[in-house]
Number of protein chains: 2
Amino acid sequence: MSWNIDQDSISLLAPELPEIVVRRYCLLRKIYYCSPIGRRSLAAYFNMGERVVRREIDILREQGFVAIERKGIVLTTAGKSMVKSIMPCLKSFLGLTALEERLLELLKIRRVIVVPGDLESDAVVLLEMGRAAARVLRECLEPDMVLAVSGGTSCAAVADMLSEAPAPPGITVVPARGGLGEVVDYQANTIAARVAQKLRSSYRLLHLPDSLSQEALQMLLREEKVREILDLINSARVLLHGIGTAEEMARRRGAGLREMGRLREKGAVGEVFGVFYNDSGDVVDRIPGLGLYLEELSGHVENVIVVAGGRKKAKAIAAVAGNHSRDLLVTDESAAREILQVEEGDNLEGGSDIFVPGRLPREGDNLSRS
Amino acid sequence: MSWNIDQDSISLLAPELPEIVVRRYCLLRKIYYCSPIGRRSLAAYFNMGERVVRREIDILREQGFVAIERKGIVLTTAGKSMVKSIMPCLKSFLGLTALEERLLELLKIRRVIVVPGDLESDAVVLLEMGRAAARVLRECLEPDMVLAVSGGTSCAAVADMLSEAPAPPGITVVPARGGLGEVVDYQANTIAARVAQKLRSSYRLLHLPDSLSQEALQMLLREEKVREILDLINSARVLLHGIGTAEEMARRRGAGLREMGRLREKGAVGEVFGVFYNDSGDVVDRIPGLGLYLEELSGHVENVIVVAGGRKKAKAIAAVAGNHSRDLLVTDESAAREILQVEEGDNLEGGSDIFVPGRLPREGDNLSRS
DNA sequence: CCATGTGGGACTTTTTTTGACCCGTATTTT
DNA sequence: AAAATACGGGTCAAAAAAAGTCCCACATGG
């Protein structure tokens with residue numbers, strides 16, 4: 001029998017290690033995004049005791065990663081550098097690199113990036129996903145491209161984390177669809193504009209009322225201005241989109257229980273650009289509206305960057321991101337593990353647990369998070 | 001300012017980690033070589049509390065690396081496999097790979113292998129060095145070679161750790177010099193025979209009285225049998241030798257304080273094949289005797305495997321193993337760090353400490369070791 | 001048959017960790 | 001300007017973990 005012990009052998013010798021490393025890394029990462037921040041805020045955020053946080057911070061301070069100021073805890077230069085550069089090392093240490101490879105094989109797409117942590121229990125993971133996706137996005141950009149972006153918190157995070165630096169010339173950013181009734185920060189229009197601003201590119205928007213009848217849509221299609229933007233959108237060569245769960249989307253549309261029941265009946269698990277997919281990736285429903293038609297995108301779309309995380313979206317991700325050689329997936333650890341567990345009945349081994357810094361909540365805990 | 005944080009970043013996040021890993025590894029390694037062995041023996045050997053050992057063993061048992069039997073602690077299959085395969089990973093984790101590269105550059109020799117630990121405080125390190133050297137030795141062997149070995153504990157360890165498997169045909173093992181008065185187990189003759197046995201090769205020995213006058217040596221030289229073996233020795237294409245410190249050698253020769261003082265005066269720090277070297281690698285003295293003449297070895301020697309460890313031998317190693325492109329050095333962590341610190345005024349960074357499992361000795365401790 | 005070394009159990013002491021405070025101050029909000 | 005908030009730091013006791021120190025029953029080997 002051959003024992004395949006490689007870079008993870010250290011964690012086998014010190015099984016308590018991953019927990020420690022993850023806890024400190026999460027703290028560091030949170031401080032990175034939220035500094036200056038206080039002990040109590042951190043403790044509340046991660047559901048840890050205040051004293052535990054203090055101890056960890058002391059260690060991090062001794063290591064020179066954080067400095068303590070009157071306003072709160074901040075990262076030192078070394079700390080910032082650490083957060084930025086530790087990722088590849090941490091990923092291999094936590095087995096995420098292996099996870100990426102297994103997902104790549106399972107989903108048969110071009111590229112998979114898995115970010116450590118669980119988006120649902122640590123909101124900072126969303127930002128980290130955004131940062132990773134932003135880097136991928138920049139790699140995809142070429143002169144005179146049209147980039148279409150969708151709405152949602154995930155894409156908003158990408159926009160947030162994009163560095164402010166000029167992209168190749170001639171790029172136009174457009175929303176993939178006219179506004180779906182959402183918070184303005186998460187609307188495709190808003191995100192497109194913010195992305196364009198970060199990239200120093202131009203952008204075109206498509207403002208539409210929330211719910212339109214078929215007749216109204218037909219009428220709008222005859223408008224030259226609208227037509228023009230739609231053509232632009234459908235000539236996109238790069239797509240950046242999140243994934244909605246069916247429940248989320250139905251709720252966001254203000255749909256009644258009736259409609260939600262219908263979606264569930266059809267087995268809808270994920271939504272992209274207003275199109276609902278079931279487990280197998282088939283289209284089972286769509287929201288009437290104007291914009292990009294994913295099915296019609298054939299030749300000229302080169303890269304589809306899918307960014308979504310959280311255990312709840314696992315099924316949706318697997319359904320949407322499967323079997324497209326043009327797809328690039330950016331997700332988080334919890335979603336990645338969930339997908340693999342569901343899809344291939346993951347032979348659960350020791351150490352494949354996902355570590356979260358917090359403790360079990362007790363009665364009396366304040367569960368609100370910053 | 002550029003922060004070079006790479007694979008060691010994990011240890012920066014968890015500074016207590018190297019100590020834990022090294023401790024467990026040392027325990028595992030000791031068990032590997034000495035099983036079955038009991039808690040108390042381990043505790044005494046490593047100068048640890050019995051309870052500490054018990055706890056570590058519990059963890060190692062939970063991890064499936066050791067099993068506890070009535071006769072003592074033994075390694076499981078997984079444990080054996082771990083000890084064998086963790087080495088490269090551990091080396092990079094402890095920065096030994098980097099250490100090897102720096103030594104390679106400093107000494108300008110062909111190859112450097114650094115084994116974790118300190119030979120002086122953990123005798124098992126000697127065996128580990130032997131195992132590494134044995135592997136190197138096997139790589140060097142080609143058909144019809146003559147292999148000359150020296151005496152000493154280091155070479156004895158190599159002989160011990162050599163696997164029993166046939167070497168290329170036609171190999172002859174010889175002692176590099178006639179017996180210097182030592183314990184028989186560590187004499188070159190003994191070691192040559194044991195190496196040959198492991199390699200399934202033939203061997204020739206050269207038995208000589210301890211101290212001989214010049215006249216006696218000259219007379220022996222005229223003996224055909226002796227002459228024949230000497231020719232064989234001097235046709236060696238592979239050398240395997242340890243390094244003696246001057247003190248050690250003088251003591252072993254039973255030399256009086258007078259002679260030791262003379263050696264010290266001349267600056268002798270290391271000895272190989274009865275030849276003493278000073279800091280710079282110059283020959284400052286020699287023990288009269290018959291055998292291999294290192295200086296005359298020119299063309300036909302292809303590989304010189306130097307195996308020596310321990311902080312005390314650092315200077316000797318640096319003096320002897322320098323500037324020979326044919327040299328391969330196998331040493332331990334403590335010697336390697338000491339060499340670098342002395343030779344290039346090592347800019348001491350955090351984490352470059354060498355971890356030993358024990359604690360500081362107290363009064364009342366039983367310091368004897370198995 | 002006894003000396004030695006083994007694991008396991010039990011107990012106390014010591015150290016570390018954690019929780020729960022309070023305090024003075026700087027900053028923000030009212 | 002005053003109140004409220006959030007910050008770091010300090011302190012103390014409870015709790016938990018670790019470590020030291022025994023003793024016992026059992027095997028093994030001289």
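Proteins get letters first, then strands, A, B, ... in listed order; numbering begins at 1 in each.
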Problem - Residues in salt bridge (Lys or Arg N to Asp or Glu O under 4.0 Å) contact with Arg55(A), at least two apart in sequence or another chain - result: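 Listed in chain order: nothing, the list is empty.
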Rounding to a whole Å, what distance do you find between [X]:[atom1] and [N]:[atom2]?
| X | N | atom1 | atom2 | result |
| --- | --- | --- | --- | --- |
| Ile68(A) | dG9(D) | CD1 | C1' | 9 Å |
| Glu50(A) | dC21(C) | CD | P | 11 Å |
| Arg55(B) | dG8(C) | CZ | P | 17 Å |
| Ile37(B) | dG5(C) | CD1 | P | 12 Å |
| Met48(B) | dA18(D) | CE | C1' | 14 Å |
| Asn47(A) | dT18(C) | CG | P | 15 Å |
| Arg39(A) | dA20(C) | CZ | P | 14 Å |
| Glu69(B) | dG5(C) | CD | C1' | 15 Å |

Exercise for the section: Would you state whether a donor and an acceptor, one from the side chain of Arg54(B) and one from the base of dG20(D), lie under 3.5 Å apart? Expected result: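 Flag unset: no donor-acceptor pair detected.
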Problem - Polar side-chain atom of Tyr25(B) near backbone of Leu13(A) as donor-acceptor pair, under 3.5 Å - result: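 Absent.
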Handout entry: Main-chain N/O of Gly310(B) paired to Asp332(B) side chain as donor or acceptor, under 3.5 Å
Key =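 Yes.
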Problem - Phosphate OP1/OP2 of dA18(D): any Arg51(B) side-chain N/O under 4.0 Å - result: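 It does not, given that no N or O in the side chain of Arg51(B) lies less than 4.0 Å from OP1 or OP2 of dA18(D).
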Problem - Ser41(B) side-chain N/O to dT6(C) phosphate OP1/OP2 under 4.0 Å - result: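 For dT6(C), OP1/OP2 do have a side-chain N/O of Ser41(B) under 4.0 Å.
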Exercise for the section: Sort and list the pairs that fulfil salt bridge (Lys or Arg N to Asp or Glu O under 4.0 Å) and have at least one residue in residues 152-162 of chain B, not counting sequence neighbours. Expected result: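 Output for this query lists Asp160(B)-Arg194(B).
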Handout entry: Contact list for residues 69-86 of chain A, test salt bridge (Lys or Arg N to Asp or Glu O under 4.0 Å), sequence neighbours left out
Key =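 Listed once each, the pairs would be none.
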Handout entry: Under 4.0 Å protein heavy-atom contacts per nucleotide of nucleotides 24-30 of chain D, with B for base, S for backbone only and - for none
Key = ---S---
Exercise for the section: Would you please name every residue forming a side chain to side chain donor-acceptor pair (under 3.5 Å) with Glu16(A), sequence neighbours left out? Expected result: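 Here the qualifying residues are Arg24(B).
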Handout entry: Partner residues of Tyr33(A) under the side chain to side chain donor-acceptor pair (under 3.5 Å) criterion, sequence neighbours left out
Key =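 With neighbours one apart ignored, the set is Glu128(A), Arg131(A).
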